[in-house]
Every structure is written in C-alpha cells, then in structure tokens.
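This report concerns only the one structure given below.
Note that this is a predicted model, so its numbers are computed, not measured. In what follows, chains carry the letters A, B, and so on, assigned in the order in which the sequence lines appear, proteins first and then strands, with residues in each chain numbered from 1.
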There are 2 protein chains.
Amino acid sequence: MARTQAADYSERRAAIVDMAARLYADKGFLGASVADLAEALGASKSLIYHYYPSKEEILFEVMDQHLRLLSAAAEDVLARDLPPRDKLRALARAFMGLYVGAADRHKVLLNELSALPPARRAEIVARQRRLIGDVEQLLTAINPDLSPPLRRPAAMLFFGMINWTHTWFRADGPVGAEQVADLAADLTLLGLRGL
Amino acid sequence: MARTQAADYSERRAAIVDMAARLYADKGFLGASVADLAEALGASKSLIYHYYPSKEEILFEVMDQHLRLLSAAAEDVLARDLPPRDKLRALARAFMGLYVGAADRHKVLLNELSALPPARRAEIVARQRRLIGDVEQLLTAINPDLSPPLRRPAAMLFFGMINWTHTWFRADGPVGAEQVADLAADLTLLGLRGL
DNA sequence: CCTACCGATCGGTAGG
DNA sequence: CCTACCGATCGGTAGG
C-alpha cells in the first residue's frame, strides 16, 4: 500500500514557521541558524529541509503569512460602511491587535526584509505598498485639502507610529494596545483636521 | 627610539567607523564581515584589529558617536529660550537633520542594538531613555492635562514618526526633511491640543 | 600592517 | 518504488 503525505504535514510546516518567527525575532535571521531552529523543534536539520527548500523560504513564509493577515484586516475594515475617520481608527486597532497577537512575526516582517531573495522581497514590498496606498487614500478622504505631495509622508508617519510600537510596546504593560491605537489615530485625525 | 602613535591614528579610526556604518546599514551587522570591511577600506583584517579590539566594539563606536550627536542636539534645543511647542518643532527638525546627514549611522543605531554586548547595549539604552524622557517632559509641558500613563506612549509615537523615516524618506525625494519634521511636529502638537 | 592560518560553525545534502 | 525522516558530513566562510 502506497504511503501518502503525512496527515500532520501542514501542522509540521506551521510549527517550523512558528518557531522560526520566534528565533528570527529574537536573534535576527542571520543570527539564528538552521541548526538552532532544528534544536528548538527537537528535530534534525534534514527534517526542516524536507518541508522547506531553504532558510530564506522559511523567512518568506513568516512574512507572507503575517502580511496576509494585515492585508485581510485592512480589506475588511475598508469594506465596512463607516465614515473614513472611523475606518482609520478601526485600521489602527486592527494593526495593533495583529501586532500584539503576532509580535514575533511583526518584528520579523519589519526587520528582515533585506534578507529575502530579490524576487521574494519584491512580492512582499508590492503588497506593503498596496497597504500604504490604502492608508494614503483614507487620509485623503478624511482631509481632501491635504496637499498631494504630503499625502504619502502623512501615511508613512501613521505607519511609523504603529510599526515603531514593536520596539517599546508590551502587552503586559500599563497601557493597552487599543489605547495606543486610539492615541495614534487621534494624533493623525486631529492633526489632519488642523493642517 | 620608541615608535609613537601614527599621526593619522584618529583619522584611520574615523575611516573605519565610517565605512563600517555604511556596510552595517546595507547588509546588517551579521551580514557584513570584518573581511568585507577590510576589503572596502583596501586594508587587511589585521589593520582593523589594530585599531579596534572586536567587531562589536566598532558597532558600539558607530552607535555611540551618532547618539552623542542626537543628545547634543536635544540639549541645545531644550536650553533655548523658546515656548515648549517651538522646542518640539525644533527638536523634530534637528533629529531629521541628523538623520539626513548620517542616514547609515541612524539606521544602524535603530536596527542593530541587539547585536551589542550587554554592557555596551546598556550604555546606549540608558542614553536613549534620557532622550525619550526629555521628549516626554516636553509633551507634558505642552499639554499638562495629558494623562500621566499616556505620556510615555505619546512620546514613543513621536519617536516612531521620526525614526520610521529611515525606511522610506529619501533626501533626494520631492518632500524635504524639514517638511517631514514639521508634519510630524504638527500632528503631535495639534493632536496634543485636541486630546 | 600583511600572509597565513586556527577552531567553530554556516546552509545545505549525501547514503540508507 | 514511495514518503518520511535520521546521523553524519559536504564545501566554504565566519571572527579572530
């Protein structure tokens, strides 16, 4: 009787990506070896190379999966029947929520882009650009008087507030993720109104 | 006759740190080898180890020098006889100016902290905290009604806007560093007033 | 200030 | 002849 793909094939792949996210976040992509990853999983390196063709492809998987969640959350928020101002607040909360729920993956997505092979990097960058474009459009809807050349910088400052949280925000700290998201949304909204 | 220190000792040290900043910014600290650094300098690895005891110590020098510039700029701005709101704007401009003038060092300071040995890392972190505390005090002076637990997050969102620029801002782009600094200051000031 | 090396570890693959 | 793995080791390169 021919043996088929292991029943837990996708669970094993998920376990590898999950542990890789943790190690890459802690030690950096170059600082965490495949041997480290194998040891953390209680498996051999060969086991890892059975599931993924290269170390870089595991990094791509970490980033790809997380970026899919971010994009899906953005699509979901933008499709809602809400005023643009409420959409921005909802977006800030969604991003912060995903950051808290997947801090390792978030950190890897933000820090290790340059470690990807060019083709893979281009895939990630293209989707990040779409996300940035969405926010830019939202800011323009909120304040149509915002000068066109300042729209991209304004969107990037918003992302800066949200993305930089990975360096200081602690889920077990005194201020919650939702409060920080609201603070970032408020600075953007009040600033946008005043400009 | 005992040989004395080479006349160009400090120039050579400076050249090493400067090139290291460029390579560490481009390829990451772990991605740039000491051999890469030597080759870029047209020198041997041994030459480098004559001037610095370890690869990590060169990294510390890159970060230390840049952070000194940031701290000095902050001290200078805070000592001026200006309303707090104007100090925040001047601070944003000073930080963006240093970023543009030393993009490599700025990037290294923000990205490679975890590569420092613990004692050296603690030195850098302590001085970064002082800078953050200064901004926190400034924000509190601007709006004394800002709830105490939100003061640190507000300061970190400000730093997020400024620091994140290293991922997207180009000095040869359509919008100048001063404009971006003013935009970040405006979002913070208008937001702080509205909260 | 260089060439010549070291102990160790890197990402990836062999046979079975 | 298949898939799922292991212990051991490959050719090169890292920091020093």
Side-chain angles (χ1 to χ4, degrees), chain A residues 1-17 19-24 26-63 108 112 114-121, chain B residues 1-17 19-21 23-24 26-62 108 112 114-121:
Chain A
M1 214 167 86
R3 284 167 71 184
T4 56
Q5 186 176 273
D8 55 356
Y9 182 81
S10 63
E11 284 87 347
R12 277 179 181 276
R13 280 177 66 96
I16 291 170
V17 172
M19 186 63 77
R22 190 181 320 184
L23 294 181
Y24 295 168
D26 282 354
K27 313 206 267 177
F29 175 71
L30 291 175
S33 68
V34 177
D36 293 336
L37 180 54
E39 193 191 344
L41 289 164
S44 68
K45 283 197 292 179
S46 299
L47 183 276
I48 290 168
Y49 283 103
H50 175 73
Y51 286 94
Y52 287 99
S54 70
K55 193 190 182 195
E56 279 88 357
E57 204 57 25
I58 301 172
L59 175 63
F60 174 75
E61 195 84 354
V62 170
M63 293 178 160
V108 171
E112 303 293 351
S114 66
L116 282 179
R120 287 311 209 177
R121 180 163 63 233
Chain B
M1 212 168 87
R3 285 167 67 185
T4 55
Q5 188 177 271
D8 55 357
Y9 181 82
S10 62
E11 283 86 348
R12 280 180 178 274
R13 281 177 65 95
I16 291 170
V17 172
M19 186 62 78
L23 294 181
Y24 296 169
D26 281 355
K27 314 206 268 178
F29 176 71
L30 291 175
S33 69
V34 177
D36 293 335
L37 180 55
E39 193 191 345
L41 289 165
S44 68
K45 285 195 291 180
S46 301
L47 182 278
I48 290 167
Y49 282 103
H50 174 70
Y51 286 93
Y52 288 99
S54 68
K55 191 189 182 195
E56 279 88 358
E57 205 56 28
I58 302 173
L59 175 63
F60 174 75
E61 196 84 353
V62 170
V108 170
E112 303 293 351
S114 67
L116 282 179
R120 288 309 209 179
R121 180 163 61 232

Subject >> Closest heavy-atom pair and its distance - A/Gly31, A/Asp36 >> reply: O-OD2, 3.9 Å
Original post:
Looking only at heavy atoms, which two atoms of A/Val34 and A/Ile48 are closest? And how far apart?
Top reply: O-CD1, 3.9 Å
Original post:
Hey, does A/Tyr24 have a side-chain heavy atom less than 4.5 Å from the side chain of A/Met19?
Top reply: no
Measure [atom1]/[X] against [atom2]/[N] and give the value in whole Å, please.
X	N	atom1	atom2	answer
B/Tyr52	C/dC1	OH	C1'	17 Å
A/Asp36	C/dG12	CG	C1'	15 Å
A/Tyr49	D/dT3	OH	C1'	20 Å
A/Lys45	C/dT13	NZ	C1'	9 Å
A/His50	C/dG11	NE2	C1'	19 Å
A/Leu37	C/dG12	CG	P	12 Å
A/Leu41	D/dC6	CG	P	11 Å
B/Ile58	D/dG15	CD1	C1'	11 Å

**OP:** Measure the CG-OH distance between A/Leu47 and A/Tyr52 for me, rounded to the nearest 0.5 Å.
**Re:** 11.5 Å
Original post:
So with a 6.0 Å cut-off around CD of B/Glu57, is the heavy-atom count from everything else above 12?
Top reply: yes
Original post:
Quick check: are there more than 12 heavy atoms from other residues, nucleotides or ligands sitting under 6.0 Å from CZ of A/Arg121?
Top reply: yes
Original post:
Taking the same atom, C1', in C/dT9 and in D/dG11, what whole-Å distance lies between them?
Top reply: 13 Å
Original post:
Rounding to the closest angstrom, what is the interatomic distance between D/dG12 and C/dA8 at atom C1'?
Top reply: 13 Å
**OP:** Could you run through DNA chain C and flag its stems, i.e. three or more consecutive Watson-Crick or G-U pairs with both distances under 3.5 Å?
**Re:** none
**OP:** Determine, for A/Tyr51 and A/Arg13, whether the Lys NZ or Arg CZ falls below 6.0 Å from the six-membered ring centre while staying within 45 degrees of the axis.
**Re:** no
**OP:** Select base, sugar-phosphate, or nothing to describe what A/Ala38 touches, counting heavy atoms under 4.0 Å on all strands.
**Re:** nothing
**OP:** Could you tell me whether B/Ser46 contacts a base, only the sugar-phosphate backbone, or nothing, with contacts defined as non-hydrogen atoms closer than 4.0 Å?
**Re:** base
Closest to the [X] side chain: [options]?
X	options	result
A/Ser33	C/dC10, C/dC1, D/dG15	C/dC10
A/Tyr51	D/dG15, C/dC2, D/dC5	D/dC5
B/Leu47	C/dC1, D/dG15, D/dC5	C/dC1

Original post:
At under 4.0 Å, does any side-chain N or O of B/Arg12 touch on OP1 or OP2 of C/dC1?
Top reply: yes
Subject >> Main-chain N/O of A/Phe29 paired to A/Glu112 side chain as donor or acceptor, under 3.5 Å >> reply: yes
Subject >> Distance-only donor-acceptor test (3.5 Å): side chain A/Lys55, base C/dG12 >> reply: no
**OP:** Take A/Pro53 and B/Gly42, find for each the nucleotide of DNA chain C with the closest heavy atom, and name the residue whose nucleotide sits nearer the 5' end.
**Re:** B/Gly42
